[in-house]
Amino acid sequence: MAAFVARRLGISAAVFLLISIGIFVLVRAAPGDPVSMMVNPEDTLDGGQQFVEAKRRELGLDQPVPVQYLAWLRHALTGDLGYSYVSDRPVLGVLAERLPPTVELMGTALLIALVIAVPLGMLAAVRRNTAVDYMIAALSVTTISIPSFFLGIAAVYVLTLKLGVLPSAGMSTPGQAGVLDAVRHLILPALILSLTIAGPFVRYVRSGLIDELDADYVRTAEAKGATTLRVLSRHALPNALIPLVTVVALRIPHLLAGAVVLEQVFAWPGMGQLAVSSIGRQDYPVIIGFALYVAVLVLICNLAADLLYAVVDPRVRLT
Amino acid sequence: MTVEAQAPPVATSRATVHRSPRQLAWRRFQRNKLAVIGAAVLILVALAALLAPWIARHSPTAVDLTQFRQPPSAEHWLGTDSAGRDVFARLLHAGRISLFVGLLASVLAIALGTVLGALAGLVGGWIDMAVMRSADIVLAFPSLVVIVVLAGVIGPSVTVLVLAIAAFEWPTSARVVRAVTLSLREREYLQAAKSVGASRWWLIRQHIIPAALPPVVVVGTVTVASAVLLEAALSFLGLGVPPPQSSWGNMLNDAQNLTIVETMPWLWLPPGIAVALTVLAVNFVGDGLRDAVDPRQRTAAG
């Protein structure tokens with residue numbers, strides 16, 4: 001097991017280095033000079049060029065790209081991601097304060113998706129090839145076909161603007177902060193985000209359960225007189241849910257993609273909103289920081305998927 | 001499971017009709033009502049987009065500040081936007097660019113995936129290893145987030161959009177083609193071709209691509225669906241098709257403003273419905289094709 005973990009960690013580290021080079025080269029090769037954005041046009045009339053040069057040196061932009069990369073990597077590995085061009089605050093701090101809202105949104109969405117998908121997947125498996133099964137399949141295709149941001153806008157139109165039952169923006173109402181208020185703000189974006197991944201989950205639960213229902217041990221349990229409910233809950237479902245563990249881990253980065261878009265719709269102050277607004281302002285250190293965060297998240301989720309699969313299913317040979 | 005299965009009728013006239021695999025697939029496809037409806041919707045959407053200049057009476061970019069934010073009327077079927085441009089004309093012209101981006105990106109992705117998958121399966125060794133590991137890495141990343149960063153850094157343009165989508169959608173077809181190639185590699189007719197000196201490129205062109213085409217077309221529909229959705233999401237964020245050119249996604253960009261959402265639903269409902277309808281139709285056609293091409297792998301959607 002230790003060798004397996006070490007091997008996986010080594011692969012992840014190599015992939016991370018490869019990706020960090022890609023991110024860095026790309027950002028440095030980008031058009032647009034972030035320094036010029038920080039200069040008041042009036043300053044460039046007399047001695048402004050010197051100010052720009054000084055700022056360039058200060059930010060290390062006058063060094064060759066490989067040197068910039070190595071210097072940056074050394075800093076990045078110690079948690080120093082530089083300073084935001086816009087707010088002059090440390091990038092790590094800027095990212096860190098945007099992380100909890102996104103984690104809250106993604107975590108809730110994941111939970112809702114499982115609560116929706118497991119029963120529906122079970123129902124589809126038990127009633128396979130009936131009208132119920134076909135309807136659930138059509139429903140899950142529909143949910144992945146409608147753009148989440150369009151669904152979000154439509155929900156805001158109906159629930160906020162026409163019926164006035166739910167808030168449409170932010171995480172809380174100023175002056176009314178409380179658990180109930182937070183839940184009212186969270187429910188709509190989380191529900192819509194959950195729909196982007198519930199469809200695939202339904203399919204996995206359904207096909208996993210169908211495989212198990214055809215297995216010999218299920219027939220044995222039925223022959224011994226176990227009720228359908230007991231066969232499902234005690235025998236087939238636990239085995240069917242094993243592959244779902246890895247599917248969930250692998251889907252988390254894709255949940256972030258949905259969050260990036262939906263945070264824009266619901267003015268949710270998370271990582272996605274930060275990334276999109278930083279791009280608008282050419283705030284390169286924050287963009288690099290965000291890209292690195294995504295890379296780390298993807299690698300951790302993949303590592304977790306590999307390890308969890310080995311842990312929950314003893315049949316998997318660790319090599 | 002009926003034990004007393006009826007013996008097949010021996011020599012009725014119908015049983016002697018021979019049908020090619022393609023005809024059989026077409027019959028199976030026709031039996032799937034949702035797929036047939038989806039195909040009809042797609043044809044309509046494609047026609048509306050192709051014939052946009054002849055259907056819409058207004059120019060999609062003609063600004064008329066005396067007629068801005070007008071509700072739907074006989075003159076402007078879907079109203080006008082903040083610059084007084086005709087929404088109906090913009091919707092149809094947007095369909096051109098959205099479908100163009102979706103299809104071109106998918107064709108590029110599928111072509112790349114097919115060549116890489118065939119090479120990986122045929123050659124094996126480190127090429128196989130490199131292609132498949134790259135596919136794993138690309139698939140692990142949420143394409144939208146990476147394209148957001150890419151488009152944000154390089155600057156949004158249709159070229160960046162198409163290339164970036166293609167760069168993230170090739171692994172699906174690569175995996176399928178590799179699997180087909182591996183199953184073909186040891187077959188006698190491929191060995192025979194190889195023994196008389198056929199080149200790799202010849203094997204791929206003459207034997208692997210024809211055999212891989214049906215499953216590739218099926219996963220290709222999924223690629224088209226996600227490419228259209230990616231275009232919409234990125235343009236919605238302002239990182240896809242740049243204005244003044246209209247796309248379904250950037251028409252929805254206006255709807256980030258609550259006042260517009262509340263008072264002018266004609267601005268955001270039509271492009272949203274167009275995307276949803278198109279992607280839904282593509283997905284239903286894909287399901288139908290899967291059942292038609294490989295009846296053993298029946299999916300529940302039907």
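Since the model is a prediction, treat every value here as computed from it, not as a measurement. Each chain gets a letter, A, B and so on, in the order its sequence line appears, and its residues count up from 1.
- Within the 4.5 angstrom heavy-atom criterion, atoms from both the backbone and the side chain of A:A295 approach chain B.
- Residue A:F149 touches chain B through its side chain alone, counting heavy-atom pairs closer than 4.5 Å.
- The residue among A:L250, A:I19, A:T160 with the most heavy atom pairs within less than 4.5 Å of chain B is A:I19.
- Within the 4.5 Å cutoff, side-chain heavy atoms of A:R206 are placed close to those of A:D133.
- Contacts of B:P265 with chain A are made by side-chain atoms alone, with heavy-atom separations under 4.5 Å and no backbone atom involved.
- Neither the backbone nor the side chain of A:A124 comes within contact range of chain B; no heavy atoms are under 4.5 Å apart.
- Listed by sequence position, A:V276 are the residues of residues 269-277 of chain A in contact with chain B, using a 4.5 angstrom heavy-atom cutoff.
- The candidate from B:V146, B:I273, B:V228 with the greatest count of non-hydrogen atom pairs under 4.5 Å with chain A is B:I273.
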Requested in this report: Carefully, step by step, assess A:F201 and A:L120 under the rule side chain to side chain contact (heavy atoms under 4.5 Å, CB included).
Outcome: CA-CA 9 Å; A:F201 284 178; A:L120 279 184; over 6 Å; no
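- The side-chain hydrogen bond (donor to acceptor under 3.5 Å, both in side chains) test applied to A:N302 returns no partner, not counting sequence neighbours.
- Contact of the B:L267 side chain with the B:M251 side chain is not registered, since no non-hydrogen atoms from C-beta on lie closer than 4.5 Å.
- Using a 4.5 Å cut-off on side-chain heavy atoms (C-beta onward), B:F29 and B:D291 make no contact.
- Annotation for A:V298 and B:P142: closest pair CG2-CD, 3.8 Å, computed over non-hydrogen atoms.
- Scored by the side-chain hydrogen bond (donor to acceptor under 3.5 Å, both in side chains) test, A:R203 finds no partners at all (sequence neighbours excluded).
- Highest contact tally toward chain A, considering only B:V145, B:V282, B:T278, B:D136, is held by B:V145 [criterion: heavy-atom pairs under 4.5 Å].
- In terms of heavy atoms, B:M132 sits closest to B:A174 at CE-O, 4.3 Å.
- Only the side chain of A:V15 comes within contact range of chain B, with at least one heavy atom under 4.5 Å from a heavy atom of that chain.
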Report task. With side chain to side chain contact (heavy atoms under 4.5 Å, CB included) as the test, would you mind laying out the steps for A:F266 and A:L188 before giving the verdict? Result -> CA-CA 9 Å; A:F266 290 98; A:L188 207 49; 3.9 Å; yes
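- Nearest heavy-atom pair across B:A49 and B:G95 is CB-C, 3.8 Å.
- Put simply, the side chain of A:N129 reaches to within 4.5 Å of the side chain of A:Y134, judged on heavy atoms.
- When heavy atoms are compared at a cutoff of 4.5 Å, B:L280 approaches chain A by way of both its backbone and its side chain.
- With a 4.5 Å cut-off on side-chain heavy atoms, A:P200 and A:I144 count as touching.
- To the nearest 0.5 Å, atoms CG (B:L103) and OG1 (B:T223) are separated by 11.5 Å.
- Contacts of A:I153 with chain B are made by both backbone and side-chain atoms, with heavy-atom separations under 4.5 Å.
- Looking at A:D214 and A:R128, a side-chain N of the basic residue comes within less than 4.0 Å of a carboxylate O on the acidic one, giving a salt bridge.
- Residue-level contacts of residues 231-244 of chain B with chain A, in order of numbering, are B:A232, B:A233, B:F236, B:L237, B:L239; threshold 4.5 Å between heavy atoms.
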